[in-house]
Amino acid sequence: MADLAAGSSPTAAELAARLDVHLDDIDLLELALTHRSWAFEQGGRPTNERLEFLGDAVLGLVVTDEIYSSHPDEQEGRLAKLRAAAVRAESLAQVARGLSLGRFIRLGRGESASGGADKDSILADTLEAVIGAVYVDQGFATAYDLVERLFAERLVEVAASHAALDFKTSLQELSAASFEVLPRYELTDTGPDHAKTFTAIVTIDGAIAGRGEGRSKKEAEQRAAREAHRLFDDAATGTPDAV
C-alpha cells in the first residue's frame with residue numbers, strides 16, 4: 001500500500017481509495033473520522049461515536065462468522081477467545097496503523113499534541129466508526145468484504161499463535177498447580193507520556209520466567225506471560241532449558 005505524500009493533508013476520499021471502497025456519501029466517512037475532541041473545539045459538532053457503536057456490532061458479526069466457518073471443530077469457548085483476541089483494541093489499532101488511519105483522524109489540538117493519532121483506543125474506535133460508515137452507505141455485503149480483507153491476516157495470526165489465550169490467567173493456573181505460588185510482575189517504562197513503552201518481567205518462585213514489551217502495561221504483562229507460558233509448554237514436551 002503506497003505511503004501518503006509527506007506533508008499532505010489526507011482526505012476522506014483518499015482513505016476510501018486506500019480501503020478500496022466506493023462511498024456515495026463521502027461526508028459520512030468524514031464523520032467517522034471525527035473524534036469528540038475536535039467536535040468539542042468546533043462548538044459541539046457531531047462525533048463518530050454513533051458510527052463507532054454500529055461498526056463495533058458489524059465487526060463482531062463478521063469476525064464471528066469468519067471464525068465459525070474457519071474452525072468447524074472448535075468448541076464455543078475457544079471460538080469466543082479467538083474472537084476476543086481478534087477484536088480487542090490492540091488488534092484493531094494494528095490494522096488501523098496498516099492503513100495509516102491516524103493521519104486521517106480529526107483531533108482536537110490537545111489530543112493531537114498528546115499523540116492521540118497513535119493511541120490504541122482512538123485508532124480502534126475510529127476503525128469501528130469507518131466500518132460503521134461503510135455499512136450505512138453501502139450495506140452489509142460491502143462492509144463484510146472490507147472487514148474480511150482488513151482482518152484476514154490478523155485472524156490467521158491469532159489462530160496460529162494462540163493469541164486468544166489469556167496468558168496471564170493461564171500462567172497463574174499453571175504456576176499455582178506446578179509450584180504452589182503465583183507469578184509476580186515488575187513493570188518499567190520508557191519514553192514520553194504520550195508514547196510510553198512498557199517492559200514487564202514475570203517471575204515465578206523468584207526466577208525470571210518471561211519478559212515482554214508493549215504500548216500498555218496490560219500488553220507488556222500479557223507478552224511476558226506468553227513467553228513464560230511457552231516455557232511451560234517446552235517443559236511438557238521435554239524441550240531443554242524449560243521451566
Side-chain angles (χ1 to χ4, degrees), residues 1-39 41-42 44-70 82-83 85-108 111-112 116-159:
M1 189 175 295
D3 291 334
L4 295 168
S8 64
S9 298
T11 65
E14 289 175 310
L15 177 59
R18 291 171 76 81
L19 296 172
D20 194 22
V21 171
H22 167 76
L23 292 175
D24 294 323
D25 184 2
I26 200 66
D27 290 342
L28 195 61
L29 189 55
E30 288 280 5
L31 179 59
L33 298 169
T34 302
H35 187 258
R36 62 177 177 270
S37 61
W38 184 90
E41 289 184 2
Q42 301 301 313
R45 299 280 294 277
T47 75
N48 63 3
E49 292 175 353
R50 281 173 53 84
L51 288 173
E52 173 200 335
F53 167 77
L54 183 60
D56 174 68
V58 174
L59 173 65
L61 177 56
V62 175
V63 168
T64 299
D65 186 54
E66 286 292 301
I67 289 173
Y68 180 85
S69 300
S70 300
L82 286 168
R83 178 180 59 193
V87 301
R88 67 185 184 214
E90 295 88 349
S91 295
L92 270 63
Q94 180 180 343
V95 173
R97 290 189 182 97
L99 294 167
S100 298
L101 187 60
R103 295 197 59 190
F104 294 89
I105 303 173
R106 295 197 286 189
L107 295 168
E111 191 65 71
S112 181
D118 196 46
K119 289 181 181 177
D120 282 1
S121 58
I122 291 178
L123 288 170
D125 291 347
T126 305
L127 181 62
E128 289 178 337
V130 167
I131 293 168
V134 172
Y135 170 77
V136 171
D137 190 86
Q138 293 294 310
F140 183 69
T142 300
Y144 192 112
D145 176 70
L146 175 63
V147 172
E148 187 177 32
R149 286 188 285 110
L150 291 179
F151 284 83
E153 183 176 340
R154 181 59 186 154
L155 289 174
V156 171
E157 291 174 355
V158 164

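One is the number of the first residue; the rest follow in order along the sequence.
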**Request:** Start with the C-alpha gap between S100 and R18, add the side-chain angles, then the distance that decides, and say whether side-chain contact (heavy atoms from CB on, under 4.5 Å) holds.
**Result:** CA-CA 9 Å; S100 298; R18 291 171 76 81; 3.6 Å; yes

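- By the 4.5 Å heavy-atom criterion applied to side chains, I26 and T11 are not counted as neighbours.
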**Item:** Check against side-chain contact (heavy atoms from CB on, under 4.5 Å), E128 and F53
**Value:** CA-CA 8 Å; E128 289 178 337; F53 167 77; over 6 Å; no

Name every donor-acceptor pair, under 3.5 Å, that has one atom in a side chain of residues 61-68 and the other anywhere in the protein, sequence neighbours excluded.
unit_1, atom_1, unit_2, atom_2, d
T64, OG1, G60, O, 2.6
T64, OG1, R83, NH1, 3.1
D65, OD2, Y144, OH, 2.5
E66, OE2, Y144, OH, 2.7

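- The backbone N or O of W38 lies less than 3.5 Å from no partner atom in the side chain of R45, so there is not a single donor-acceptor pair.
- For the residue pair G132 and L54, the shortest heavy atom distance occurs at O-CD2, 4.1 Å.
- How far CG of D125 is from CG of D56: 9.0 Å, rounded to the nearest 0.5 Å.
- Interatomic distance, E52 CD to H35 NE2, rounded to the nearest 0.5 Å: 8.5 Å.
- Exactly one of V134, L15, D137, V130 qualifies for a side chain to side chain contact (heavy atoms under 4.5 Å, CB included) with V21. That residue is V134.
- Proximity of a side-chain donor or acceptor of S37 to a complementary backbone N or O of G108 within less than 3.5 Å is detected.
- In terms of heavy-atom proximity, G55 sits nearest to I131 at O-CG2, 4.1 Å.
- The heavy-atom pair separating A86 from F151 by the smallest distance is O-CE2, 3.8 Å.
- With rounding to the nearest 0.5 Å, the separation of CG in L29 from CG in N48 is 11.0 Å.
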Just distance, no hydrogens or angles: give the donor-acceptor pairs under 3.5 Å from side chains in residues 91-98, sequence neighbours left out.
unit_1, atom_1, unit_2, atom_2, d
S91, OG, A85, O, 2.6
S91, OG, R154, NE, 3.1
S91, OG, R154, NH2, 3.0
R97, NE, D118, OD1, 2.8
R97, NH1, D120, OD1, 3.3
R97, NH2, D118, O, 2.9
R97, NH2, D120, OD1, 2.6

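- Looking at L51 and L28, their side chains come closer than 4.5 Å, going by heavy atoms from C-beta outward.
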**Asked** Would L59 and L127 satisfy side-chain contact (heavy atoms from CB on, under 4.5 Å), going step by step from the backbone distance to the final call?
**Response** CA-CA 10 Å; L59 173 65; L127 181 62; over 6 Å; no

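- Interatomic distance, I105 CD1 to T34 OG1, rounded to the nearest 0.5 Å: 10.0 Å.
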**Evaluation steps, salt bridge (charged side-chain N to carboxylate O under 4.0 Å, His left out), between E111 and K119** = CA-CA 10 Å; E111 191 65 71; K119 289 181 181 177; 2.6 Å; yes

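- Around CD of E153, the count of heavy atoms belonging to other residues, nucleotides or ligands within 6.0 Å does not exceed 12.
- The CG atom of L31 sits 10.5 Å away from atom CD of E49, with the distance rounded to the nearest 0.5 Å.
- Nearest heavy atom pair, residue P46 against residue A39, reads O-CB, 3.9 Å.
- Here CG of D145 is found 4.5 Å from CZ of R149. Values are rounded to the nearest 0.5 Å.
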